[in-house]
Peer 1: 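Submitted below is the structure of interest, expressed as structure tokens.
Because the structure is predicted, anything quoted here is derived from the model rather than measured. Chain letters run A, B, ... following the sequence lines, proteins first and then strands; every chain starts at 1.
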Amino acid sequence: MTVAEVALGVDVGGTFTDFVLLDEHGEIHTLKILTTPTDPSEAIFSGLDRLCASAGITPSSIDRFVHGTTLVANALIERKGAKTALITTRGFRDLLEFRTELRYDLFEPNLVFPEPLIRRSLRFEIPERMDHLGQPLEVPPREAIETLVGKLGRLGVEAVAVSLLHSYLNPDHEELVGQILQQSNPDLSVSLSSQVFREVREYERTSATAINAYVQPLVRRYLSELVDGLRQRGYRSEVLTITSTGGAVSAETAAQFPIQLIESGPAAGVVFASRISLEQAGKGEVVAFDMGGTTAKVCVIKGGQPDIGTDHEVARTRRFKVGSGLPVGVPVIHLLEIGAGGGSIAERDQTGLIRVGPRSAGAIPGPACYGLGGKEPTVTDADLVLGYLDEQAFLGGEKHIDRRAAERAIHDRIAVEASLDVVAAALAIYRIVTETMAEALRVRSVESNVDLRNFDLMAFGGAAGTHAVDIARRLSIPRIVCPARAGVFSAGGLLAAPLAVDLSRSWIVPIEGLRAEQIRSLYAELDAEAAGLLHSTGVDSLEKEHSADMSYIGQEYPLRVPFERLPETDEEVHLLGKWFEDLYEQSRGVRLNGYGSRVTTWRIRVAAGKPPLPVLAPDEALDAPVKNRPVYLQDGWTDAPVYQRRSLRVGQELLGPCVIEDVDSTFVMLAGSHLSVNEIGSLVIDAVWDGARA
Amino acid sequence: MIDEVSLRILWDRLVSVTNEASVVLKRSAFSTLVRDCNDFACSIMTPNGDTLAIADASLPSFSTTQSITLKAVLERFPLESWRPGDVVITNDPWIATGQIMDITLLKPTFHRDRLVAFTGSIAHSPDLGGLQRWNGAKDIYEEGLFIRPTKFYSEGMPNETLFQLLEWNSRMPEQTIGDLMAQLASHEVGERRLIQVMEEHDLDTLDELAYEIFARSERTIRAAIAEIPNGEYRFEMMADGSLGGPYDQVGERREPEPMAVRVKVTVADTSIEVDFSESSDQVEPPINSVFPFTYAYGAYAIRLLLVSHLPQNAGFLRPLRIVAKQGTVMNAAYPAATLNRGIVGHLVCDAIFGALSELLPARARAMSGSTPLWQLILIGEDDANRPYQRIMPLNGGLGATTGADGIVCSFPANLTTVPVEILELTTPIRWERKEILTDSAGPGTFRGGYGVRSVFRPLRRGLFSMTFSRVANPPKGFLGGGDGRAGHVVLNGTELRPGAEGVLHVGDELIVETPGGGGIGLPEQRPPDKIQSDLEAGVISEDHAVAMYGLQRGARSALDEQDDQ
């Protein structure tokens, strides 16, 4: 191996900031410290200094700095963004208020939506109109815009979103408004809808633009402080940030389009799972499954590519209700969030049956066993009663949990009325929460059109290991992979992400009659734009992936169709239709004859080569005694061996029932499952073992 | 006896199976109403025709009709006559959804050589021929191809004649057939997954499971009903009528006649009867409700009040009786035209809320501007001489609830707005304005949702048909809340009456102002900061704040002044 670059990944989460440093010998150094919410860069710098000192390097020797941040999502949830104004076409300033007009829940008595990011008194109309072909009907008069500039100044507006009708076809009017705003006040943050999210449907485009404008001043300040601090420490390269589709972008691009950072941290974990599965397991069909305290998050990865969605929302008023948040528009890895975590509360619903989640005890008061005042039984309480968790060794022994409190809560709230003993009630909670996750995944698999029997489950997050084998069995998923150092998985994933940007443009056009030249010229524009965004990162060789949202004419639900290549001649244009029809048949099971197809949105992903896949090898192995403890499995108590994960050696094999304890998670091997440790320290578990690997 | 944990898991699994089926239907459908407006349903029913589970996103009006349909179909095709691979199709309004455009499919599921369940699906068809102008038909025959229950597939073999007829009778045959294919695909998934569940849990039949689910659901709703004091609760509301005939003939149309919707809700211990029989007699225009539709929304309103978040099934319906005398506006007789059944049928909810709001103040909901739904139907040819037909919901303000101000949306239907850019791309018309109507929301401790003002200008000559109401009878507030503003439709300065249709010429100006929702609770009790922020936003005027909320004149928002400086 040649001398490797020194790379640092920093994942700034809500609670912890995680660090993974890959030194020039390819060795891994990790650190987990508390996030400093008021100024996240504080934790970044103090952690960086500590980690460099302990690894014996200087910050100036770092070749690549990549970070993930929850700053954008938090600013939107907590409404910490800038005073923002909207400029829109005459007659349409209330679009943000009307939303799509769809009720997110037919049975919710009190519908509550997030307040628009920009209140009505800061939403301004200008006399302007473009038609549906992108032909100007009325050019916005300069004086009207200048008058508005004065007003914005007096109101103390820091950021402006400009979103005009049909600007996805012709951005001239938006650009004119943008120029005048910028000339009159260079300090103003200006976001144009035709640059933030150039797609048809004015509400979603305006929402995306408002989000971008609202967080831009904050993100710009944050990134500039971060860059300054890193420069002072001698770091010379680009300061990279991960986008919601798992591409790394420069600080400049991130500051221009902060909306793309909304799922920054989780995207890194998913990218990592994709690459590990594709490059190490040689498979690429994997479900990333992250179960934490409040929720479980799931992403389906096909052929090494994570599912990317364009219907992501932030700041939902009902966390698990699609349609109750602010639409983001831009592509985001498709994470399914399920109201099932360690803190999910078990209770009896109106019919008297037990229900687990989505209500959660959170961190405070937390599960009853935390002894912080929680009286309601949670999944963690059930796991403790069943012997899956160890009273003494929870979180590596840092936290003591109280089995008696867990038993009492389960007894009082669940067992008595259900006429069950405490253990049976705990098992009920375990089974129901597992089934809740399995159900959500079943629906998701239909949406993504995948057969889960061909997939691996990659489990990470504190509570995943306790439930993984049971979930896999319920879904007939044969194999579970549990990577080493799952606690800093996202931070490690930062180092696996390529430089990449995703761009899109709506142009609704039937395939019939389309010319190759038209496609080429559209992509020439997108190429130039992408190159501009990646240019500052100083890369030459670019990989391009072209795709489009396509449907049969008249059908509204599009399929994302990857293009094997761009058509060279007019005769080849029909290939687009063929690729669409093939994919449609493959995913929907039918081929419709005699229907024309069309493109609604054209997409390109431009990436600049993948960095080598970092290996998060486990900490040095330790000898740890195998202890036994009673564990309740399907049909009764078993005195199961409990292994410390750090004591497992490469190549070692174990048969369930047994328990593997790690610092921040516990893996429960049900009877009939089989585990082996692969060459990079991942646990590979066959959910059902018949003596030979399939 | 199934233990409680298995019951929970299996019950959820059945709902999950219908959700999976609905994903398949939704993503393969051509109809924009299916995709964007959830104008569909997927369910599992017992061999008796009782609903066992239904997809969460299913339209409320469809939730109970599939069971009515299956029971009617079983009279014609007895249980023992069904074979694997059979599919029955119908759009008969009197046994299905009350409207000819909605196609119901029913298919048996066989497991271990026994018929264990039926899967059902409904989707609003893109086109079945007919007039298309919802105000224009005088009977069912003018509305589209009428399909009484018949075999669509027999033992897996398609009924080619029927397929051919459907194709020949549709303006968009690919889309009409395409949506039927999407429905069939959803049945396949539902069936496969249901059998998988039964295999996993080694079940021969669903009978015991159904028994438990129904019994538990019934107990739950009976317990909720028991909390309401026994008695008769009546409510009467007036509704705008619609222009009458002559249809498709030269001559003056008859003036709209107002109608009375009268409901009597009788609570007796643990059961409820909802009786609409004293409502006005059936009217000539095509706006009467049809019984399955009246029943469905009656059940929806009661569920919303009592057991809103529990999965739906037949057990919840057992203590509920819904009655409407045939020949009234709530139960129109064959062969009435029914495309606009919502004009009366949607009022079922408002009437029930009216009868019970004083009794259940915590769950009260005022009347809504989109009850009934407002729709603009545009028909014509585009620049390339391709025919278009656009059904466009135009929503008003939702009635306030105890707990939340109203928003802009439809209710009890759930139809999304058409994006301005999509409308203009697909239809030769310009949407010039779409804005909140100042002072349109009914005042209250919780105020109603706003009405919306839209201005349209046609770019080519075409036909329009405008479905609307609440012009003479604005949405009422409850528990001291005020009424929402009445709606208006104005073409070139002339106010149109409900049921209006005609020609739109290039350069015409069509203004649609949807009604605001009613308020809940006394306006004086509205928190001052909320009044202030509505003032600042300009959604209420100072005059309105003074007159309705008792605000001191001149107490204009300090915030506002600060902004102006």
Peer 1: Could you tell me which portion of B/Ser454 (side chain, backbone, both or neither) has an atom closer than 4.5 angstrom to a non-hydrogen atom of chain A?
Peer 2: neither
Peer 1: For residues B/Pro412 and B/Cys349, determine if any side-chain heavy atom of one lies less than 4.5 Å from a side-chain heavy atom of the other.
Peer 2: yes
Peer 1: Heavy-atom distance under 4.5 Å to chain A: side chain of B/Phe446, backbone, both or neither?
Peer 2: neither
Peer 1: Taking the ring centre of each residue, are A/Tyr584 and A/Tyr552 less than 6.0 Å apart?
Peer 2: yes
Peer 1: Do A/Tyr595 and B/Gln175 come within less than 4.5 Å of each other through their side chains, counting heavy atoms only?
Peer 2: no
Peer 1: I need the residue from B/Met181, B/Arg365, B/Arg430 with the largest number of non-hydrogen atom pairs under 4.5 Å to chain A.
Peer 2: B/Arg430
Peer 1: Atom CD of residue position A/Glu347 - does it have more than 12 heavy atoms of other residues, nucleotides or ligands inside 6.0 Å?
Peer 2: yes
Peer 1: Is a side-chain donor-acceptor pair under 3.5 Å present for B/Asp3 with B/Ser6?
Peer 2: yes
Peer 1: Take A/Val443 and B/Val23 through the test side-chain contact (heavy atoms from CB on, under 4.5 Å) and record every step on the way to the result.
Peer 2: CA-CA 8 Å; A/Val443 176; B/Val23 167; 3.9 Å; yes
Peer 1: For A/Asp105, is it the side chain, the backbone, both, or neither that has a heavy atom closer than 4.5 Å to a heavy atom of chain B?
Peer 2: side chain
Peer 1: Can you tell me which portion of B/Arg27 sits under 4.5 Å from chain A's heavy atoms? Options are side chain, backbone, both or neither.
Peer 2: both
Peer 1: With a 4.5 angstrom heavy-atom cut-off, which part of B/Ile436 approaches chain A: side chain, backbone, both or neither?
Peer 2: both
Peer 1: Would B/Arg303 and A/Phe107 count as a cation-pi pair here, with the cationic atom under 6.0 angstrom from the ring centre and within 45° of the axis?
Peer 2: yes
Peer 1: Which one wins on heavy-atom pair count under 4.5 Å against chain A: B/Arg363, B/Arg193, B/Arg219, B/Glu200?
Peer 2: B/Arg193
Peer 1: Could you look at B/Leu10 and say if it's the side chain, the backbone, both or neither that has a heavy atom under 4.5 Å from chain A?
Peer 2: neither
Peer 1: Quick one: what part of B/Val307 sits under 4.5 Å from any heavy atom of chain A, side chain, backbone, both or neither?
Peer 2: both
Peer 1: Where on A/Ser445 is there a heavy atom nearer than 4.5 Å to chain B: the side chain, the backbone, both, or neither?
Peer 2: side chain
Peer 1: Identify which part of A/Ile508 has an atom lying under 4.5 Å from any heavy atom of chain B, answering side chain, backbone, both or neither.
Peer 2: side chain
Peer 1: Report which part of B/Leu310 has an atom under 4.5 Å of a heavy atom belonging to chain A: side chain, backbone, both, or neither.
Peer 2: side chain
Peer 1: Measure the CG-OG distance between A/Leu95 and A/Ser163 for me, rounded to the nearest 0.5 Å.
Peer 2: 7.5 Å
Peer 1: Answer with side chain, backbone, both or neither: which region of B/Asp56 has an atom nearer than 4.5 Å to a non-hydrogen atom of chain A?
Peer 2: backbone
Peer 1: Side chain from CB out, backbone as N, CA, C, O: work out which of these in A/Glu97 comes under 4.5 Å of a heavy atom of chain B, or both, or neither.
Peer 2: side chain
Peer 1: Please determine, among B/Asn19, B/Asp12, B/Val189, the option with the most heavy-atom pairs under 4.5 Å with chain A.
Peer 2: B/Asp12
Peer 1: Considering only heavy atoms and a distance below 4.5 Å, find which of B/Val408, B/Asn414, B/Asp179, B/Val17 pairs most often with chain A.
Peer 2: B/Asn414
Peer 1: If I measure from the heavy atoms of chain A, does B/Ala57 come under 4.5 Å with its side chain, its backbone, both, or neither?
Peer 2: backbone
Peer 1: Would you mind checking which part of B/Gln196 comes under 4.5 Å of any heavy atom in chain A, side chain (CB onward), backbone (N, CA, C, O), both or neither?
Peer 2: neither
Peer 1: With chain B, which of A/Thr100, A/Thr351, A/Leu559 has the greatest number of heavy-atom pairs at distances under 4.5 Å?
Peer 2: A/Thr351
Peer 1: Using 4.0 Å as the upper bound for N to carboxylate O, is an ion pair formed by B/Glu424 and A/Arg129?
Peer 2: yes
Peer 1: Does B/Glu421 come within less than 4.0 Å of A/Arg205, counting only side-chain N to carboxylate O?
Peer 2: yes
Peer 1: Between B/Leu459, B/Thr401, B/Val420, which shows the greatest number of heavy-atom pairs under 4.5 Å with chain A?
Peer 2: B/Val420
Peer 1: Please determine, among A/Glu108, A/Glu125, A/Arg474, A/Arg93, the option with the most heavy-atom pairs under 4.5 Å with chain B.
Peer 2: A/Glu108
Peer 1: Side-chain contact test, heavy atoms from C-beta onward, threshold under 4.5 Å: evaluate it for B/Phe353 versus B/Leu305 and give yes or no.
Peer 2: yes
Peer 1: Select one option (side chain, backbone, both, neither) describing which atoms of A/Leu137 are under 4.5 Å from chain B's heavy atoms.
Peer 2: side chain
Peer 1: What part of B/Leu398 gets closer than 4.5 Å to chain A, counting heavy atoms only: side chain, backbone, both or neither?
Peer 2: side chain
Peer 1: Are B/Glu536 and A/Ser121 close enough that a side-chain donor and a side-chain acceptor fall under 3.5 Å?
Peer 2: yes
Peer 1: Of the listed residues (A/Arg431, A/Glu202, A/His132, A/Arg201), which shares the most heavy-atom pairs with chain B below a 4.5 Å separation?
Peer 2: A/Glu202
Peer 1: Out of A/Arg355, A/Arg99, A/Glu447, return the one with the most heavy atom pairs under 4.5 angstrom to chain B.
Peer 2: A/Arg355
Peer 1: Heavy-atom distance under 4.5 Å to chain A: side chain of B/Arg13, backbone, both or neither?
Peer 2: both
Peer 1: Go through the atoms of B/Ala413 and report whether side chain, backbone, both or neither lie under 4.5 Å from a heavy atom of chain A.
Peer 2: backbone
Peer 1: If you measure only the distance, is there a donor-acceptor pair under 3.5 Å linking the side chains of A/Gln135 and A/His166?
Peer 2: no
Peer 1: Taking the six-membered ring of A/Phe92, is NZ or CZ of A/Arg123 closer than 6.0 Å to its centre and within 45° of its axis?
Peer 2: no
Peer 1: Can you tell me which of A/Asn449, A/Leu169, A/Thr436 forms the most heavy-atom pairs within a distance under 4.5 Å of chain B?
Peer 2: A/Asn449
Peer 1: Where on B/Ala29 is there a heavy atom nearer than 4.5 Å to chain A: the side chain, the backbone, both, or neither?
Peer 2: backbone
Peer 1: Does A/Tyr104 have its ring centroid less than 6.0 Å away from the ring centroid of A/Phe320?
Peer 2: no
Peer 1: Hydrogens and angles aside, do A/Ser448 and A/Arg444 bring a side-chain donor and acceptor to less than 3.5 Å of each other?
Peer 2: yes
Peer 1: Between the side chains of B/Thr416 and A/Glu101, does any donor sit under 3.5 Å from an acceptor?
Peer 2: no
Peer 1: Is A/Arg119 paired with A/Glu115 through a side-chain N to carboxylate O contact shorter than 4.0 Å?
Peer 2: no
Peer 1: Counting only non-hydrogen atoms closer than 4.5 Å, does A/Glu435 touch chain B with its backbone (N, CA, C, O), its side chain (CB onward), both, or neither?
Peer 2: side chain
Peer 1: Using a 4.5 angstrom heavy-atom cutoff, name the option from B/Val418, B/Val24, B/Val452 with the most pairs to chain A.
Peer 2: B/Val452
Peer 1: Is it the side chain or the backbone of A/Arg90 that comes within 4.5 Å of chain B heavy atoms, both, or neither?
Peer 2: both
